[in-house]
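What you see is a predicted model, and the numbers here were worked out from it, not measured in a lab.
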Amino acid sequence: FNLDLDVTCGKGSFDFVNYDSLNGIISVNVNDMYFHPGFALDYKHSRFTAEGVVDYNGEMMLTGDFATTQLADFWGDLFIKELSGGARASYVVTGSDIDPDIRGVFYGDSCSFYGLATDSMVATFDIKSFLYRRLGSVEAKTYKSDVWALPADSLVATVDIDSNLVTID
């Protein structure tokens with residue numbers, strides 16, 4: 001048994017995920033769902049794409065891309081607050097569909113958060129239990145930045161995350 005669904009949905013939500021539109025092909029069978037290349041979720045000024053499998057035993061393996069013109073749309077949705085600016089990312093989501101792991105690369109363009117404003121930023125991230133426990137690290141490089149009103153040509157930082165504790169080196 002295999003059913004291919006060509007999905008086009010308007011504004012809605014699924015669990016805690018809100019969206020303005022969903023578009024793409026999903027194959028459904030008795031074991032899992034496969035999101036075909038190009039499957040997309042649009043939310044405010046952002047687009048997420050995904051390709052991969054979510055099985056009915058609660059495991060997932062998805063790859064995707066993200067692009068936004070305004071990170072501020074995610075205030076209150078992420079554990080990082082005071083976000084703004086544009087960004088793009090490539091990511092891999094694996095593990096439990098209830099509390100997955102996420103890793104990837106983030107590229108920021110004129111973005112800011114927690115008193116750091118930067119012309120450009122590149123960060124790699126690897127976070128276990130991304131939704132609830134949050135355990136992992138982010139390694140970031142910024143260029144042409146202001147750090148709490150102090151100018152900097154560049155900045156290199158490692159951010160270690162353990163639940164609600166964040167350490168910056």
Side-chain angles (χ1 to χ4, degrees), residues 1-114 118 120-140 159 161 163-164:
F1 168 78
N2 191 64
L3 179 62
D4 292 332
L5 304 172
D6 191 349
V7 177
T8 302
C9 296
K11 191 171 188 158
S13 65
F14 179 77
D15 201 7
F16 61 87
V17 177
N18 297 310
Y19 55 85
D20 293 327
S21 68
L22 290 174
N23 294 289
I25 299 173
I26 304 172
S27 293
V28 179
N29 62 46
V30 295
N31 298 311
D32 56 42
M33 293 184 294
Y34 173 69
F35 294 84
H36 288 259
F39 187 86
L41 178 150
D42 294 316
Y43 174 69
K44 295 185 180 180
H45 302 96
S46 304
R47 171 165 276 212
F48 295 84
T49 64
E51 175 187 357
V53 175
V54 177
D55 71 37
Y56 302 140
N57 292 322
E59 293 294 311
M60 63 173 35
M61 172 59 175
L62 299 170
T63 61
D65 294 304
F66 162 75
T68 188
T69 58
Q70 191 45 268
L71 289 166
D73 292 340
F74 298 95
W75 281 31
D77 294 331
L78 299 171
F79 63 95
I80 301 170
K81 309 283 188 257
E82 301 177 24
L83 298 165
S84 68
R88 62 186 171 86
S90 295
Y91 56 87
V92 176
V93 179
T94 58
S96 165
D97 62 357
I98 295 172
D99 196 11
D101 304 334
I102 188 168
R103 67 181 184 280
V105 181
F106 173 93
Y107 303 92
D109 179 28
S110 299
C111 58
S112 65
F113 53 95
Y114 293 123
T118 183
S120 60
M121 173 184 206
V122 176
T124 58
F125 54 92
D126 188 353
I127 303 170
K128 307 289 183 217
S129 300
F130 175 68
L131 296 178
Y132 299 107
R133 174 83 165 83
R134 294 183 294 271
L135 180 63
S137 65
V138 177
E139 296 196 11
V159 179
I161 303 162
S163 192
N164 291 328

[X] to [Y] - nearest heavy-atom pair and separation:
X	Y	result
Ser27	His36	OG-NE2, 2.6 Å
Ile98	Tyr132	O-CE1, 3.3 Å
Val138	Ile127	CG2-CD1, 4.4 Å
Pro100	Val93	CB-CG1, 3.5 Å
Phe1	Val28	CE2-O, 4.0 Å
Ser120	Thr118	O-OG1, 2.8 Å

Pairwise distance [atom1]([X]) to [atom2]([Y]) - rounded to 0.5 angstrom:
X	Y	atom1	atom2	value
Glu139	Thr124	CD	OG1	5.0 Å
Asp109	Arg88	CG	CZ	9.0 Å
Leu22	Leu41	CG	CG	5.0 Å
Phe113	Leu71	CZ	CG	9.5 Å
Glu59	Asp97	CD	CG	7.5 Å
Asp101	Asp126	CG	CG	7.5 Å

Heavy-atom distance under 4.5 Å between the side chains of [X] and [Y], does that happen here?
X	Y	result
Glu82	Ser112	no
Met61	Val92	yes
Ile161	Phe130	no
Phe35	Val54	yes
Glu51	Tyr34	yes
Phe39	Ile25	no
Asp55	Asn31	no

Taking [X] for its side chain and [Y] for its backbone only, find out whether a donor-acceptor pair lies under 3.5 Å.
X	Y	value
Tyr19	Asp42	no
Ser84	Ala72	no
Asp99	Leu131	yes

Assign the ring pair Phe66 / Phe48 to parallel, tilted or perpendicular, where the plane angle (0 to 90°) is split at 30° and 60°.
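Ring orientation, 0 to 90° scale: tilted.
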
Measuring centre to centre across the rings, with the benzene-like ring taken for any Trp, is Phe125 within less than 6.0 Å of Tyr91?
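Judged by ring-centre distance (under 6.0 Å), Phe125 and Tyr91 do not meet the cut-off.
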
Who are the side-chain contact (heavy atoms from CB on, under 4.5 Å) partners of Lys44, not counting sequence neighbours?
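Listed in chain order: Asp20, Asp73.
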
